[in-house]
Amino acid sequence: MGFEKVLFYVFAGIAVIAAAMVITRRNPVHAVLYLVLTFVTSAMLWMLLEAEFLAIVLVLVYVGAVMVLFLFVVMMLDIDVAAMRAQFVRYLPLGLLIAVIMLVEIFLVLGPDTFGLEQFAKPEAQPVDYSNTSELGMVLYTVYMYPFEIAAVILLVAIVAAIRLTLRRRPDTKYQDPSQQVRVRKGPDRVRVVKVAAEPRVVPAKAQATPAPSEAEVP
Amino acid sequence: MSFTFDSANLILILPEIAILVLACTVLVVDLYLKEEQKGINHLITVVGLLIAIGITGLVGGGERQVVFDGSYVRDAMSDVLKILILVVSLFAFVYAKDYLRDRNLWVGEYYVLGLCAVLGMSIMVSANNLLVIYLGLELLALCLYAMVAFDRDSTAGAEAAMKYFVLGALGSGMLLYGMSMIYGATGSIELATVARIAAEQGTQNQVLVFGLVFLVIGIGFKFGAVPFHMWVPDVYQGAPTPVALFLSSAPKIAAFALAIRLLVDGLGGLHPDWQGMLIILALLSMGLGNLIAIAQTNLKRMLAYSTISHVGFIFLGLLAGSEQGYAAAMFYAIVYALMAAGAFGLLLIISRAGFDAENLDDLKGLNQRDSWYAAMMALIMFSMAGVPPTVGFMAKLLVLESIVRVDLWWLALIGVFFSIIGAFYYLRVIKLMYFDEPVTDEPLTAGPGARVALSVNGLAMLVLGIFPASLLSICQGAFF
């Protein structure tokens, strides 16, 4: 068993265990962290397949950006884990049964008989100066130009949809407007003196009516 | 690696470019419009769609062409379906105008998302490899999810969007898994290569059949065929009515193209396999759709179950596996999109500010309130039921004829049986409009655009029913 094979089993094992942890942890933050671990080990597996660029992008984009953001979201949300777990246990036996049946079926169809090394010979390793990234770039902007442009439109739609669904301009929201703040003048804008008419005291017995104090409002 | 970019190829994708430019124009112009000028968005969209229809007609015609390294195909089917998708979407935007204006939904994003959905549909129609099919489908689906949740203050809308999103993502995942299996079995994502290997190996190749199962499930999800129909009634009911209109019309034409591209262009060699699967889907859809629709009091839910039953009929044409069957299914899908647009269009017309018409009772006595609208709706309902002078009858007849030709007469009999059951709830709508007293005498406030659209839509049912040859010959031209 070569060194690569050992590495493969180590990373694949960690990936499977971490994936199982993602769906069984009580604490959603832990689940997200296990998902990060799954991504990192998957990136390692891709590295073994000589897909270096994809592996690095997976770590940079998914782990570095998406999952960190997701972690913040999970921390902000108030998720009732107990209620979710009640359902989880209830459907567990049926779910497990179906999962096992599907696993066996998939293994029978996609097992070594169909995709073994006899059917598909192991590809030769690329030479040292072979650049995965530039090759990918070459086909991405030539052969796959049309799908690439469509993917760009999908991202545009995602932006438009996200803004439409979440951006609200509510009139009662308190917010600061710096351009108005710097334009405040010393005199009339900061302090406003309000004259209140003096009213006679209701109880005239002992004390004299005191003059009403002028109220100051600070905007 | 040598690669040459021929800018003449760009001429073929001009329709897609035009729709994208139109969407971006609306997106930018909307920023500079004041609240009372939002009608300009509508105007740009309508004019732009008319231009896109013209461009599609100009670019189209002639021999089948494949460009962009096999990513894009332009053939007779893509021309026809693109033009019809654009026409039906045009109807959808015209119907939606008054509803959106009255409900504070009159914003540019509706048009941007709608146009991007149209773009996704035309990409799907012209796709020639699995990757482009999937991307087109996702573009369409993303726009539709956002449009279902478009009314942010509606909890029903948010719930419907959530259901649609989760189940739609599941369907897309199934489809993508099937595609990866097809790629594993054939080593190519290009439909021509897939078709060659599928024809050579047929059902010998286990992985190919395994992938096919997932593709059929994915297609069933996108069509809303039983047993993958759970999302349809909830989404139709929860979505704002113009979105339900949009959702139930043009995307069905695109879903038909998806099925043709994947099952016929790609896996035509596995026809005996997918015929059996489609028979199950078609039988369940026709049966369950028609039976449950009878029990509905909400018109949007009723139309949702009616969609499901019509999808069963479209599958009947597909599973025949003959050119005649495909042409009949295409005819049915187009006619269905027009009928659904008209039926939801009427719901929009009888809605008014602060009131959403969605129950059967809201249609009561429509004849006394406006006899022209009632007549148009009656034509559409007759057409959905398949009553002779209307086009719905022709569509059903063609589909049934094509499956009788391939000796599936028992299936045709069941189809006829369920469409007779289905006729009940369509005729009930007509009874409510003509023989019941109106529950309200509020005036109908719909503008002239919607009136013209509904008139064209309703009369088309009659004209196409009496003279079906023109549309039929176009559909047959795509396959023979």
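No hydrogens, no waters, no symmetry mates; every other heavy atom, side chains included, goes into these values. Because the structure is predicted, anything quoted here is derived from the model rather than measured. In what follows, chains are A, B, ... by sequence order, proteins preceding strands, each numbered from 1.
Applying the salt bridge (charged side-chain N to carboxylate O under 4.0 Å, His left out) test to pairs two or more places apart or on separate chains, none has a residue in residues 134-149 of chain B.
In this structure, the portion of B/Leu131 lying under 4.5 Å from any heavy atom of chain A is its side chain and not its backbone. For B/Val107, the part lying near chain A is the side chain, with the backbone staying farther off; criterion is any non-hydrogen pair under 4.5 Å. Contact of B/Ile189 with chain A is made through the side chain alone, with heavy-atom distances under 4.5 Å. With a 4.5 angstrom heavy-atom cutoff, B/Phe150 touches chain A via backbone and side-chain atoms both. Using a 4.5 Å cut-off between heavy atoms, A/Leu165 touches chain B through backbone and side chain atoms alike. Using a 4.5 Å cut-off between heavy atoms, B/Met181 contacts chain A through its side chain alone, with no backbone atom that close. Within the 4.5 angstrom heavy-atom criterion, only side-chain atoms of B/Leu113, from C-beta onward, approach chain A. With a 4.5 angstrom heavy-atom cutoff, B/Leu208 does not touch chain A via any of its atoms.
Residue B/Tyr134 qualifies as enclosed at atom OH: its count of foreign heavy atoms under 6.0 Å is above 12. Atom CZ of A/Phe70 is surrounded by 12 or fewer heavy atoms from other residues, nucleotides or ligands within 6.0 Å. For B/Phe165, the CZ atom sits in a loose shell: 12 or fewer heavy atoms of surrounding residues, nucleotides or ligands are nearer than 6.0 Å. In the displayed structure, B/Tyr177 atom OH is contacted under 6.0 Å by more than 12 heavy atoms of other residues, nucleotides or ligands. Within 6.0 Å of CZ on A/Phe11 lie more than 12 heavy atoms contributed by other residues, nucleotides or ligands. Enclosure of atom CE in B/Met162 is not indicated, since only 12 or fewer non-hydrogen atoms of other residues, nucleotides or ligands lie within 6.0 angstrom. Annotation: A/Gln181, atom CD; neighbour count of heavy atoms from other residues, nucleotides and ligands within 6.0 Å is above 12.
For the pair A/Phe115 and B/Val207, the minimum side-chain heavy-atom distance is below 4.5 Å.
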TODO: In sequence, state the C-alpha distance, the side-chain angles, and the governing distance for B/Val112 and A/Leu156, and then conclude on side-chain contact (heavy atoms from CB on, under 4.5 Å).
DONE: CA-CA 10 Å; B/Val112 175; A/Leu156 175 72; 5.9 Å; no
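Taking CD1 from A/Ile106 and CZ from B/Phe210, the interatomic distance works out to 4.5 Å, rounded to the nearest 0.5 Å.
Remark: side-chain polar atoms of B/Arg152 are paired, donor with acceptor, to backbone N or O of A/Arg164 under 3.5 angstrom.
Using a 4.5 Å heavy-atom cut-off against chain B, the contacting residues of residues 146-155 of chain A are A/Tyr146, A/Pro147, A/Ile150, A/Val153, A/Ile154.
B/Glu109 approaches A/Val160 most closely through the heavy-atom pair CG-CG1, 3.9 Å.
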